[in-house]
Amino acid sequence: MKRILVTGATGKTGSLVLKQLRKQSDRFEAIGFARSPAKITELFGSTAGFIVGDITDKSSLESAIKGCDALVILTSAVPQMIAPPSDGKPPQFAYPPDGMPEIIDYQGQKNQIDAALQAGIEHIVLMGSMGGTNPNHILNKIGNGNILIWKRKAEQYLIDSGIDYTIIRAGGLIDELGGNRELLIGKDDLLSTNPPDGISPIIPREDVALVIINALIEANARNKAFDIISKPEDAPNATVTKDFASLFAQATGGM
Ligand code: NAP
């Protein structure tokens, strides 16, 4: 029985991970960490099994993580629309001043890794994003946040921490059913700069949640960092991924 803390548990992927972990209650005791009791109640019916806190507040993390075996980090800065599309111009996005990527995706993740180190956590699964090898990536321009750059700095910090890590850098996230696709592992953004058969580098959030949960189980996922996308459901010769040990065996360690 492993006790797992899931941060960002009111997020789109975080809530899926927490719900899926809770379905395996013979194997996992899953605790959610999130900052809004109202959002927790809206998504989960009550705040039972949650710790309310903020990743910028080290003390709330330190008490939440005590007694856990593993940490799943699903927090991220979230840009907000500040101007809708008008006159053919695209919408404008910005981050709140206390929610800039440097504060959330770097300092906030670092706070979580430090708390995990202090508590003797054995394994951290961190969800990142593809695109980070390109400093000029469009996502870095949003709100001058350089979000992918800060995410990668946090990933390097995790690797250097000495805690067992699994860094999962997803392609574009879509809200479709999981468990119906062949998943493809890569590195250095090659799956988007040079995609096999020209497929779109996307993946359902439910599939990422499956990957995260299997990363908590399979030894092959330890000390690996990888990009992940999916083949379209109707792709010719696609075989739905079920053997996660073999999938993780294709991944490598280091950035
Ligand atoms: P999401 O819904 O944006 O969730 C982010 C979570 O972080 C939210 O639950 C948010 O809390 C939480 N959070 C932010 N600041 C916090 C703070 N100070 N303290 C505590 N919690 C805080 O995430 P997602 O769309 O599922 O994405 C998951 C990850 O995948 C992110 O790292 C994202 O960058 C990455 N990714 C996204 C894409 C894409 O296509 N969108 C592609 C690849 C990778 P609230 O619920 O209270 O707001």
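Just so you know, ligand 1 is whichever comes first in the structure, and atom 1 is the first atom listed for that ligand.
Geometrically, Lys39 does not engage Phe44 in a cation-pi contact, judged by NZ or CZ lying under 6.0 Å from the ring centre and within 45° of the ring axis.
Contact analysis puts Gly128 in contact with ligand 1, with a non-hydrogen atom separation below 4.0 angstrom. For the ligand labelled ligand 1, residue Gly172 lies inside the 4.0 Å heavy-atom shell. The shortest separation from a heavy atom of Ala170 to ligand 1 is under 4.0 Å, placing the residue in contact. Contact annotation: Met130 has no heavy atom less than 4.0 Å from any atom of ligand 1.
Looking at atom 6 (C) of ligand 1, its nearest protein heavy atom turns out to be Leu74 O, 3.8 Å. Closest to atom 18 (N) of ligand 1, if we only count protein heavy atoms, is Asp54 OD1, 2.8 Å. Atom 14 (C) of ligand 1 has Ser76 O, 3.2 Å as its closest protein atom, hydrogens excluded (heavy atom only). If you check which protein heavy atom lies closest to atom 11 (O) of ligand 1, you get Arg35 NE, 3.4 Å.
For a threshold of 3.5 Å applied to N or O pairs, the pair formed by Gly11 and ligand 1 contains at least one separation below that value. By the 3.5 Å distance cut-off applied to N or O atoms, Lys12 is counted among the residues near ligand 1. Close N/O approach between Ile55 and ligand 1 is found [any backbone or side-chain N/O within under 3.5 Å]. Considering backbone and side-chain atoms alike, Ser129 places every N or O at 3.5 Å or more from each N or O of ligand 1. Backbone and side-chain nitrogen or oxygen atoms of Gly171 are examined, and none is located within less than 3.5 angstrom of a nitrogen or oxygen of ligand 1. Every N/O-N/O distance between Thr56 and ligand 1 stays at or above 3.5 Å. At under 3.5 Å, a nitrogen or oxygen of Thr10, whether backbone or side chain, sits near a nitrogen or oxygen of ligand 1.
If you look at Arg205 next to ligand 1, the close heavy atoms, those under 4.0 Å, all belong to the side chain. Here Ile104 has side-chain heavy atoms under 4.0 Å from ligand 1, and that is the only part of it that gets that close.
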* Could you check Arg222 against Asp164 for salt bridge (Lys or Arg N to Asp or Glu O under 4.0 Å), going step by step and ending with a plain yes or no? => CA-CA 6 Å; Arg222 298 279 180 120; Asp164 279 4; 2.9 Å; yes
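Between Thr252 and Lys187, the side chains place a donor N or O and an acceptor N or O closer than 3.5 Å (distance only, hydrogens not considered).
To the nearest 0.5 Å, the span separating CD1 on Ile40 from CD1 on Ile51 amounts to 10.0 Å.
Here the side chain of Ser200 pairs no donor or acceptor atom with the backbone of Ile202 at under 3.5 angstrom.
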